[in-house]
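Here is how names work: the chains are called A, B, and so on, in the same order as the sequence lines, proteins then strands, and each is numbered from 1.
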Amino acid sequence: MKREIIKAESGEVMLEAALVLVFVILMSIALLALCFFIYQQVMLNSIACEIATRVAENYKISRSDLDINAREIGKEYYTKLNKFRLLFNGNSEDIHSSRASAYLPDRIYATSLGLDDSEPNVKVTINHDNIGRAHAHVEISVKSKFLFGAFLEFYSFSDETAVLSASADANVFDITGYAGNVKFSRFLFGNSVFAPAEVAAEIYGEGKETADHLSGIVDIAKKWMGIS
Amino acid sequence: MHNKKEDGILTLEAALLMPLFCMLMLFFYNFLVFFAGSQMITHAAFQTAHSLSLDSYAEQTLKGATNEAFISVIRSGEGFFTDGFSTTNNKWYSNGSGIDNVVKERFEAYLFSGKSRSDRNALELYGVDGANIDFSGSKVENGVLTIEIKYKQSFMFNVFDLMIFDRTITVKAKMWGI
Amino acid sequence: MKEIKGRKKKLEKFARGSISIFLCLLLMPFSTIALGIIELHRYQTAMELADELTELAALSAMAGYDEYLEKRFGLFAASQSKDINESFKEYFNANAAASGALITVGDGTRVTGKYSLNDNELLRQQIVDFGEATVGVDVLLEDVNIEEILKKLESLKSFKNVFDKLKKVKDAVKGVKELVEATETLVQKIDKLISYIEGLVDKGNELVNKASDLVEKVKKDTRLKNFDFEAKFEDSYEAIEEIVEDYKKDVANLAKEAKSLFDDIKKTDEKINDVESALSAITKKPDGKYEKAKSAIAALKTKEQAKEGDKDIQAISDAANDAGSELIAQIFDEFSDIFESLKSDLISSIRSNVSNALSEIKDNVIKELGLDSSRIPAIIDGDYFTTPVSEDVWKDMEAILKVLVEISKGEKTEEELKEELKKKFTINISYDTIKTIKGTINNAINKANEALKEDILKKISETFTSIINIINGLFDLDLFYDGDLNARVNIMSSGNASAQQKFLTAYDKMNTSISNLTNPSGNIWQKIKNFFTSIWTLLEAVGDMATAVFNIVGEKFTAIGQKAGLVFSGNFKEIYEDLIIAGYMTHDLPNRTNAKGQQVTYKFEEKDGGIVSTKTVTYKGLALTGYKYADLPLCEKTGTVIAGTGTSNIKNALSSGGGSDKMFCGAELEYIVAGTASEIANQTFTFMDIYFLRLICDLPAVFTDGNIAAIAGASTIAAWAVYLLFIIAEPLADAVLLANGGEVPIIRTEAYLSGGAGTTKFIQKMSNVVTQNAQIKTLINENVGKMAKDEKNALPTVTEKPSIWQNMLDVGYDTIVLIDLLLFVKADDMLMRFSKLIELESQAKDSNFDMNKTYCVLEFEPEITFNSMIDIFNLDDLLFNMKPKRTFAY
């Protein structure tokens with residue numbers, strides 16, 4: 001009897017030890033998975049800031065052949081800038097998005113702690129803030145699978161494959177574009193060259209001449225922008 | 001029934017130590033979050049300085065234009081452009097007061113991708129008290145903009161307020177055109 | 001039991017603290033992983049913040065831009081008076097703290113300029129950035145639709161054909177002139193021949209007389225009774241021999257003249273054939289095309305085709321083209337009377353008469369002189385001198401002596417002898433025949449002269465002189481440059497005015513030949529000869545002028561075609577930047593019409609013992625950037641005067657060189673156009689350039705103007721020269737008007753200088769812009785009044801303004817220079833000159849300014865060290881290659 005008791009007691013410890021240890025191990029692994037998860041999220045924040053900054057600083061060179069990570073930029077890039085960057089956006093969003101897309105997977109791979117990062121996605125939008133001013137808004141997302149990721153799901157923290165996203169904004173670095181637009185405003189509404197009354201007459205005034213002029217401007221503007 | 005007092009000692013130990021262990025580990029992870037939070041704020045602060053430092057160029061260039069008022073209306077058209085990224089007060093840097101509000105507005109725009117964004121509470125995740133960020137130290141002197149952002153950032157396990165840190169970020173930038 | 005107890009104890013002992021140990025064991029790797037991850041994140045954050053830090057510090061450092069460049073030109077470059085290096089370091093170090101303890105900054109932080117605005121490509125980019133909206137709107141709203149202008153200019157191209165046709169007139173007139181010259185030579189030679197023949201007759205007569213005297217002598221001589229002829233008459237024989245020698249010479253000369261006459265007849269014959277074929281190539285009977293063209297032009301003027309201006313230019317051009325062909329026909333219609341009388345009367349009668357005369361000479365003269373008729377061809381072919389003539393002459397002498405012997409024998413009376421001698425030596429028949437040729441020529445010339453109409457040359461001369469007077473008068477007013485803007489700066493000249501110089505030289509030649517054009521005087525023959533010579537000389541000079549004009553027009557059309565081609569094929573993008581640059585230059589730089597204010601003050605100062613007056617001109621107006629021209633560091637005026645009048649003044653002005661002035665005085669735009677060191681040269685060059693452009697734009701006006709058609713009609717043979725003179729004169733009116741602040745329609749359809757409604761308009765326009773309006777009014781009215789008009793050739797006058805041109809707004813100096821720059825000046829040249837201008841202006845403000853240091857692309861090299869929390873990983877190598885160098889451009 002005593003022996004049984006002892007046996008029973010002994011098993012109790014074993015059982016307890018087994019249960020507790022399993023629990024502790026599970027908890028620890030979950031903590032580890034959480035660590036990966038948090039890291040992945042802050043890394044994405046960091047990458048979003050990085051891409052936003054990079055896009056913004058070379059915003060004026062909206063050329064798809066310019067590596068987003070390029071730091072020393074040759075003259076050839078500074079001599080063929082997009083037209084009407086800050087007035088009509090110059091179709092640059094797509095280019096910046098594709099430049100960022102080319103960079104994102106490698107960038108994630110370089111520092112990711114995920115087991116598998118799929119569908120990295122980045123979208124760059126250029127938002128206009130004021131006369132001649134704009135900022136780049138970057139949104140990135142990625143599907144990451146972590147080591148012990150199932151535990152996160154188990155603890156209802158996230159799905160096993162977590163969809164992570166981050167966004168950041170940065171001021172575009174385009175002094176000449178900005179200054180050009182400011183001076184354009186001054187020219188339109190501020191110079192004695194072009195009194196507001198004349199502008200009003202020119203824009204709102206009746207008459208074939210004005211209409212002809214305006215349609216001419218529209219035609220040429222369309223040509224410049226490659227619409228027609 | 002001897003040694004009964006030693007029954008469940010493992011559980012007890014685990015029960016006592018596990019939270020401690022978890023706390024310790026989470027404390028480590030909190031560093032990540034903490035750094036991430038300050039990175040976000042620093043990024044926003046730099047962008048704010050960048051953005052604000054250019055405001056004066058337009059102001060100085062358009063100053064004295066024959067139809068200054070008209071331009072001013074366009075420039076201050078809040079909602080006309082994206083929210084928070086430009087200011088309703090064109091000459092904010094010249095009158096000494098109210099700079100903190102301008103800085104705040106711009107800062108929040110860059111921090112939240114627009115000041116009216118709903119995920120303002122995101123800051124809480126990083127332990128930052130978003131409601132009490134202090135910009136009062138910001139100023140423009142001799143054409144140099146100084147942005148001073150004072151905020152409190154706390155750790156996840158802020159026991160007895162011991163883990164609250166007073167953070168100050170100071171960013172300087174040259175105002176364009178002045 | 002003990003054992004069990006012991007085991008249990010062991011187990012308990014083991015269990016006790018096992019979790020702690022286990023957790024402790026876990027803690028080590030877990031915390032290491034956590035710290036590693038934190039470090040990894042810190043590193044990324046550090047790199048990202050370092051980028052932002054650099055960017056913000058770069059932005060702040062770049063805020064120290066060159067203010068003058070920015071305010072004056074809208075260009076951005078790092079200031080040369082501020083230490084951008086220090087500034088960058090200051091902001092970089094100040095902001096580094098914001099990154100927390102992530103990074104430490106070193107002392108090696110520095111900035112280097114990479115590219116400056118001295119690089120044309122970067123300058124171009126900045127101008128385009130600045131001007132894309134401003135210039136675009138300015139050009140489109142304030143100026144005109146460039147595309148439309150190009151279209152209209154392009155459609156003027158077909159006028160080239162008109163010129164090509166007109167050029168043929170010169171060739172035809174050249175042929176006629178050569179014919180007349182050949183005829184004149186022929187007449188001269190016939191004259192000479194006649195005089196020889198006359199001499200020959202005289203000599204024959206003398207011979208007869210001497211022979212007669214001899215006979216008398218012989219008769220009286222008593223010694224003749226015992227006549228030893230050879231011994232007794234030695235003296236007389238010698239005398240006869242002398243006469244025969246002379247005679248021999250004369251015969252030789254006669255043969256020579258006859259040969260020459262044959263040659264000339266041959267040449268004249270060839271010339272006649274040439275002229276005949278030249279004329280038949282261009283002379284066609286008018287089939288009414290000219291009339292059709294006239295009515296077509298007239299119809300165009302009244303048509304209501306508001307939007308089809310281009311088609312109308314095309315139609316005018318086509319009509320002018322037809323009219324051009326017809327004009328030639330008409331000229332030769334007028335000319336055909338002269339030509340016919342020359343051709344039928346003169347040439348054919350010369351032909352028949354000369355051959356008659358020659359046969360007379362052959363049959364009578366030479367034969368009677370005892371020359372074998374079979375030798376005539378030899379004489380004519382020129383081998384006279386190879387065959388000794390002496391034998392023949394001796395034969396003659398023998399014949400004479402035979403007669404003398406007969407006389408001495410008293411077989412014939414003196415009268416009989418004289419008669420016989422006369423008979424033997426007379427050449428009167430052939431002489432008379434030759435004389436009739438002269439009469440025929442004179443008849444033909446008389447007829448031609450009648451056909452010429454007495455006052456035709458006078459008319460032409462007066463018309464030409466009047467037009468030339470207007471041109472010279474306008475040149476003499478010195479309106480082609482503003483003498484107040486006369487700086488000579490110290491720069492390398494990049495302009496080349498050779499085309500302008502060539503044009504002016506051709507103009508001078510024409511000018512001289514027109515002033516030499518006087519009504520021919522003297523006898524009829526000289527009159528007609530002089531007429532053709534004058535016309536020929538004039539047309540030759542006008543032809544040179546035309547060539548100069550065609551060359552320039554051709555070049556301009558090529559340039560227009562190239563640009564227009566780009567536009568019409570939808571490649572507007574390619575010339576878009578050029579347009580922005582040209583527009584920027586036009587509206588940002590002061591020019592002679594927009595910068596100078598009204599006030600002129602004189603400053604007197606003592607210099608080198610004398611008082612020197614310095615003129616100071618105040619400036620008004622704003623640059624495109626909003627900069628006041630009055631604030632420009634412009635040169636002080638010193639009152640340089642270019643010597644000369646008319647074209648020599650222009651030539652001198654064009655070739656005036658540089659000097660030591662620091663800046664131009666307000667004609668900076670003209671420097672962009674011309675690129676020379678002299679402001680006056682630049683103005684003149686620009687003036688000439690505008691003139692050439694306007695020359696093209698005024699073609700419809702010249703070809704559709706009724707008055708010009710009437711003046712050309714009155715000038716008959718020189719009609720096309722009248723058109724050319726108006727083609728030359730009309731754009732001058734425009735250029736003078738434009739260069740002095742006036743406005744003209746882009747394509748003009750009314751002539752300003754022909755005395756019609758356009759003239760009134762021109763005088764009105766001029767009076768608004770220049771003070772010399774009274775002189776201009778007199779100049780034009782007086783000279784226009786002198787121009788002869790042939791009313792039957794006038795185009796119907798349309799008084800109402802043709803509506804097709806109504807949508808073409810008047811353009812001013814700015815627009816014309818803009819078009820000129822866009823079409824004819826390479827963008828690279830503009831930028832090169834502009835860059836020089838920036839340097840001059842900036843150096844006038846700050847002598848230390850260096851264009852090579854106007855950095856607009858800068859390289860920022862911060863020295864950053866990442867503060868590692870745990871120094872185990874070398875993340876620099878592991879993850880990123882840390883390249884702190886950054887390039888930023890304004």
### Query
Checking heavy atoms, do the side chain of A:Ala179, its backbone, both or neither come under 4.5 Å from chain B?
both
### Task
Report the option among A:Phe173, A:Tyr178, A:Tyr39 that has the most heavy-atom pairs separated by less than 4.5 Å from atoms of chain B.
A:Tyr178
### Query
Minimum heavy-atom separation for A:Cys35 to B:Leu32, with atom names?
O-CD1, 4.4 Å
### Summary
Note: A:His137 and B:Ser113 closest approach over all heavy atoms is CE1-OG, 3.0 Å
## Note on the structure
Checking heavy-atom separations under 4.5 Å from chain A, one finds in residues 135-151 of chain B none
### Query
Do B:Met18 and A:Phe23 have side chains that get closer than 4.5 Å, going by heavy atoms?
yes
### Query
With side chains defined as the heavy atoms from C-beta onward, is the minimum distance between B:Ser51 and A:His135 less than 4.5 Å?
no
### Contacts with chain A made by residues 41-50 of chain B (heavy-atom distance under 4.5 Å), listed by residue number
B:His43, B:Gln47, B:His50
### Summary
B:Tyr110 and A:Asp169 have their tightest heavy-atom pair at CD2-CB, 3.8 Å
### Message
Does any backbone or side-chain atom of B:Leu54 lie under 4.5 Å from a heavy atom of chain A? Answer side chain, backbone, both or neither.
### Response
both
### Summary
One option among A:Val42, A:Ile175, A:Asn171 has the most heavy-atom pairs under 4.5 Å with chain B, and it is A:Asn171
### Query
Of all heavy-atom pairs between A:Arg133 and B:Asp55, which one has the smallest distance, and what is that distance?
NH1-OD1, 2.8 Å
### Query
Does OH in A:Tyr109 sit with more than 12 non-hydrogen atoms of other residues, nucleotides or ligands closer than 6.0 Å?
no
## Note on the structure
Closest non-hydrogen contact found for A:Arg186 with B:Thr61 is NH1-O, 2.7 Å
## Note on the structure
side-chain contact (heavy atoms from CB on, under 4.5 Å) with B:Phe85: of A:Asn130, A:Asp129, A:Asn127, only one passes, and it is A:Asp129
